[in-house]
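Contents: one structure, followed by commentary.
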Amino acid sequence: MNPSAGSLPSNFIRNMIARDLATSKHGGRVHTRFPPEPNGYLHIGHAKSICLNFGVAAENDGSCNLRFDDTNPAKESQEFVDAIKENITWLGFHWSGPVRFSSSYFDQLYDFARQLIERDKAFVCSLSAEQAREYRGTLTEPGRDSPDRGRATADNLALFARMKAGEFADGSYSLRAKIDMASPNINMRDPVLYRIRHLSHHQTGDTWCIYPTYDYTHCISDAIENITHSLCTLEFEDHRPLYDWILANLDKEALTAASDLGASTDPYVLPEQTEFAKLKLNYTVMGKRKLKDMVDNRVVTGWDDPRMPTLAGLRRRGFTPTAIRNFCESVGVSRSDSVVDMGMLEHAIREDLDRTAPRVMCVLNPLRVELRDFDEGHEEVLQMAKHPKDEAMGRRSVPLGREVFIDRADFAENPPPGFKRLVPGGEVRLRGAYVIRCEEVLKDADGTIQGLICSVDLATLGKRPEGRKVKGVVHWVSAAHGIPVKVRLYDRLFNVENPEAKDVDYLECLNPDSLLQLDGAIVEPSALAQGAATSFQFEREGYFCLDSADSSASIPVFNRTITLRDSWSA
RNA sequence: UGGGGUGUCGCCAAGUGGUAAGGCACAAGGUUUUGAUCCUUGCAUGCGUUGGUUCGAAUCCAGCCACCCCAGCCA
C-alpha cells in the first residue's frame, strides 16, 4: 500500500479497498472508472466522484478509466464529450489508457445478449411501453409475466436479429431479461436490456438502431475493462442485484476472454458495485435538468456562468483545481444523505488563494483624495511585496501621485461604532505608504461627497507615526496611474438553503443580487502588467480573477471569486 | 402500505465492545501597515429513540421514530 495512505482520513471505501488488498481479492489490483454520460456539463458533484475514483486508484498504485456511458444517443453529444475530458484534465487527473466509450462495446454487448437468450435468460417482448408499465405492477403489488415471456429461443434470436437489422419501429419490441416479475425489487421485474431507437449516435453514427440500457451495459463494460471497484451513487443501490445477475448469468470464460486483460487476469474476479452519497451543497442546485433550464432561459449567461456550480463556472469564477480537490477531500465519502455547507467550499478556495494569489490594490468604488503635501507633479514608485508571507513571490512597483482613489466605504462623516477607517480630522494609513489625515471634505451642491483633501505625514513611510497609533489601513490607487476596469461581484445564486426542496420553485428563490457589476473600479498597474498572474487578492476586498471570456486589453473584467473573511460587522 | 438505505456537535465526518478524532462555522484572546492570514483557547457526560445483553455499548440484540431512493424502452 502507498505509505501516505495511512495518513489519509479513513472512509468506508478506503477501508474496503484496504481489506480487498489485504486479501488479494483482485490479485492486488485496484482499477476504478469515472463513467459520465455525455449529456451535460460536469458540476461540483461530479468532482467528488472524480476525486474519489481517480484518488483511490492513485493512492493504491491502481488505475482509473474514463468511460463515457453513451447508451442513449437521444441526449448525448460530442460537445459534452469534449467538455468533460477538458474538465477532468483541468482538475489534474489522468485517465488510464485511451478514453473509453460504452458504445465501443456494442458488438460485444450484442453477442452477450444473444448468449442470454440462448441460456433462456432473455426474451424479445412486444409489449408497448405503456403496457409494460401496467404489467410491471406497483411498489406493493407484484407484476405479471409478459405474454411473450415463453417465446422459443430460436424465435427470440431471430426477432432480436431483426430488431438489429432495423426491421421494426421504435418501441415495437424490446429485449428483456427473464428474472422475476414478482420481485419486491422492481428493477428485477424483467428489466429492458435493449430498445429500438432509430437514432444517429455521436460515436457510432447509424450503425445501430438498437441501444442497450444502462443496467445491461454498465456491468459488462466494467467487466470488459477489468474494473475492480465500481463506485456509483446511492440511487443505484437497488440496481446492484441486477448488475450482479447479468454478470452471473453470462459465461464467465467468455467474459474473461472479452476483457482487456483477457486470460491473463488471475484470478478473474467480477467487478463489484459500491454506492456512496452524492454531494449536495446548500444555496445551489445540482440537478442537470435545472442547470440546463437556467442556461436555456438565460437566468445565467451559460454553462460557464461564474455563478454556476459547474466546473466550467467555478473555473471561470476563479476556483482552482487544488481548492476543488481539497474541498472534495474535506467533505469525505459516506453513505448518509448530507448537504454540505457552501462555507466549506468557500474555505477551500480562500485557503488556496491566500497561499498563491499575489496581492494587488483595486478600488471598487473610488473616492478622489488630494494629498496636499505633495507637489502637483509628484510621483514616486513604492516597492511592495506581492505576498505578505511568501518572499519568493517578489515585489511589485506601485506608483503614487498627488491624487489617489480610496474606496467610498473607507470614509465616513458619521462613522458607526468601531469604525477604523477615515473620518473627518482622523488619520489612516495608505497601505504600504504614508499616514494621511482628512483635513477637508469636498461636497457638491447636493451634499454628495466629491472628494477629500488630506495632509500627509511624510515621516511615516515604512515607519510608525510618532506618539500615536493609527489603527486603520486603507487600500488606494494612484489616480494618474490606475487602470479603469470592470469588476463583477458575485454572490450565491439562490437565497434559500435548499432551492431543490419539493415544495419550492427554485426559480422563485433566485438571488436578485447574485451579480453586481461595477464599471468604475480602478486597479493598480501591476495587475495588468506583462506576465502578471490572472488571479489576485485585491487587498481588503477578496480574491479576483480576470474573466476568461469578457475581458479585453481595453476593458479588463475581473470576477470576484470570493470575499475575504470579514469578522467586522458594521 | 412492498423493497432497499441512512440517522454521531449548527454543517461535513472519523469511530466496528474499553469509556466521543478532525475540518467548516461560531465565540473569546494574541500577533498584524489587509477588520485578511497566522497563533491560542472554548465549543457532544453524549452518538434518532426506548428497552435489552455486558464489568463496560455510538459500536451487539429487539422494538419504535424520522428522513432518502425505487413503479423510464433515462443514467
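Letters go in sequence order (proteins before strands), and every chain restarts at 1.
- With C1' as the reference atom, rG48(B) and rC65(B) are 7 Å apart, rounded to whole Å.
- Partners of Arg335(A) according to the salt bridge (Lys or Arg N to Asp or Glu O under 4.0 Å) rule, which considers only residues two or more places apart in sequence or in another chain, are Glu237(A), Glu275(A).
- In this structure, Lys502(A) reaches the sugar-phosphate backbone alone: every heavy-atom distance under 4.0 Å involves primed, P, OP1 or OP2 atoms, never a base.
- Across all strands shown, Pro35(A) has no heavy atoms under 4.0 Å from either base or sugar-phosphate atoms.
- Residue contacts for Val339(A): at a heavy-atom cut-off of 4.0 Å it reaches the sugar-phosphate backbone alone, with no base atom in range.
- In terms of the side-chain contact (heavy atoms from CB on, under 4.5 Å) criterion, residue partners of Ser174(A) (sequence neighbours excluded) are, by chain and number, Cys125(A), Arg176(A), Val192(A).
- Sorted by residue number, the list of members of residues 39-49 of chain A with any non-hydrogen atom under 4.0 Å from RNA chain B is empty.
- Using a 4.0 Å heavy-atom cutoff across all strands shown, Ser183(A) reaches no nucleic acid atom at all.
- rA14(B) and rG2(B) have their P atoms separated by 31 Å, with the value rounded to a whole Å.
- Not counting sequence neighbours, the partners of Asn156(A) by the side-chain contact (heavy atoms from CB on, under 4.5 Å) test are Ile117(A), Phe123(A), Val124(A), Arg151(A).
- Arg421(A) comes within 4.0 angstrom of a nucleotide base, judged by non-hydrogen atoms across all strands.
- When heavy atoms are screened at a 4.0 angstrom cut-off, Asn72(A) is found touching the sugar-phosphate backbone but no base atom.
- Comment: Arg144(A) does not engage Glu134(A) in a salt bridge, judged by the lack of any side-chain N to carboxylate O separation of less than 4.0 angstrom.
- Residue pairs meeting the ring-ring contact (aromatic ring centres under 6.0 Å, His included) criterion with at least one partner in residues 326-364 of chain A, sequence neighbours excluded, do not occur; the list is empty.
- Within 4.0 Å (heavy atoms only), Arg335(A) reaches sugar-phosphate atoms of the nucleic acid but no base atom.
- With sequence neighbours excluded, the residues forming a salt bridge (Lys or Arg N to Asp or Glu O under 4.0 Å) with Asp293(A) are Arg289(A), listed by chain and number.
- Where RNA chain B meets chain A (any atom under 4.0 Å from a heavy atom), the bounding nucleotides read 5' to 3' are rU1(B) to rA75(B).
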Starting at the 5' end of RNA chain B, write a dot or bracket for each base, bracketing those in Watson-Crick or G-U wobble pairs whose two distances are under 3.5 Å and using | for partners on another strand. .(((((((.[[[..)..(...]]].(((((.......))))).....[[[[[..)....]]]]])))))).....

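- Within the nucleic acid shown, Arg565(A) comes within 4.0 Å of sugar-phosphate atoms alone, with no base atom in reach, counting heavy atoms only.
- With respect to Arg565(A) and Glu346(A), no salt bridge is recorded, no charged nitrogen being found less than 4.0 Å from a carboxylate O.
- Of the charged side-chain nitrogens involved, at least one lies within less than 4.0 Å of a carboxylate oxygen, so that Glu427(A) and Arg437(A) count as a salt-bridged pair.
- Within the 4.0 angstrom heavy-atom criterion, base atoms lie near Lys389(A).
- Remark: the separation of the C1' atoms in rA58(B) and rU6(B) is 15 Å, to the nearest Å.
- Taking atom P on both rC73(B) and rG18(B), the two are 48 Å apart, rounded to the nearest angstrom.
- Comparing the same atom, P, in rA62(B) and in rA25(B) gives a spacing of 41 Å after rounding to whole Å.
- Nucleotides rU37(B) and rG30(B) place their C1' atoms 14 Å apart, quoted to the nearest Å.
- For residues 277-288 of chain A, the set of pairs meeting the side chain to side chain donor-acceptor pair (under 3.5 Å) definition, not counting sequence neighbours, comprises Asn39(A)-Lys288(A), Glu235(A)-Lys278(A).
- Using a 4.0 Å heavy-atom criterion, one finds that His239(A) contacts the bases of the nucleic acid, with or without backbone contacts as well.
- Residue-level contact check: Leu139(A) touches the bases, meaning some heavy atom is under 4.0 Å from a base atom.
- Both Val474(A) and Gly343(A) sit near RNA chain B, but only Gly343(A) has its closest nucleotide nearer the 5' end.
- Asn11(A) comes within 4.0 angstrom of sugar-phosphate atoms only, judged by non-hydrogen atoms across all strands, and of no base.
- Straight-line distance between the P atoms of rA13(B) and rG7(B): roughly 9 Å, to the nearest whole Å.
- In terms of position on RNA chain B, the residue among Pro191(A) and Asn185(A) whose nearest nucleotide sits closer to the 5' end is Asn185(A).
- Remark: Lys85(A) engages Leu66(A), Phe68(A), Val81(A), Asp82(A), Trp95(A), Val99(A) in a side-chain contact (heavy atoms from CB on, under 4.5 Å) (not counting sequence neighbours).
- Classification of rG5(B) as anti follows from a glycosidic angle more than 90° from 0.
- In summary, Asp407(A) and Arg421(A) do not engage in a salt bridge, as defined by a charged side-chain N under 4.0 Å from a carboxylate O.
- Looking at heavy-atom distances under 4.0 Å, Thr138(A) makes contact with a base.
- Nucleotides rG56(B) and rG22(B) have their P atoms positioned 28 Å apart, rounded to a whole Å.
- Looking at Glu329(A) and Arg14(A), a side-chain N of the basic residue comes within less than 4.0 Å of a carboxylate O on the acidic one, giving a salt bridge.
- Here Gln537(A) lies in heavy-atom contact (under 4.0 Å) with a base.
- Applying the salt bridge (Lys or Arg N to Asp or Glu O under 4.0 Å) test to every pair with at least one member in residues 183-192 of chain A, sequence neighbours left out, gives these pairs: Arg149(A)-Asp190(A).
- Taking Glu141(A) as the reference, Thr138(A) meet the side-chain contact (heavy atoms from CB on, under 4.5 Å) condition, with sequence neighbours excluded.
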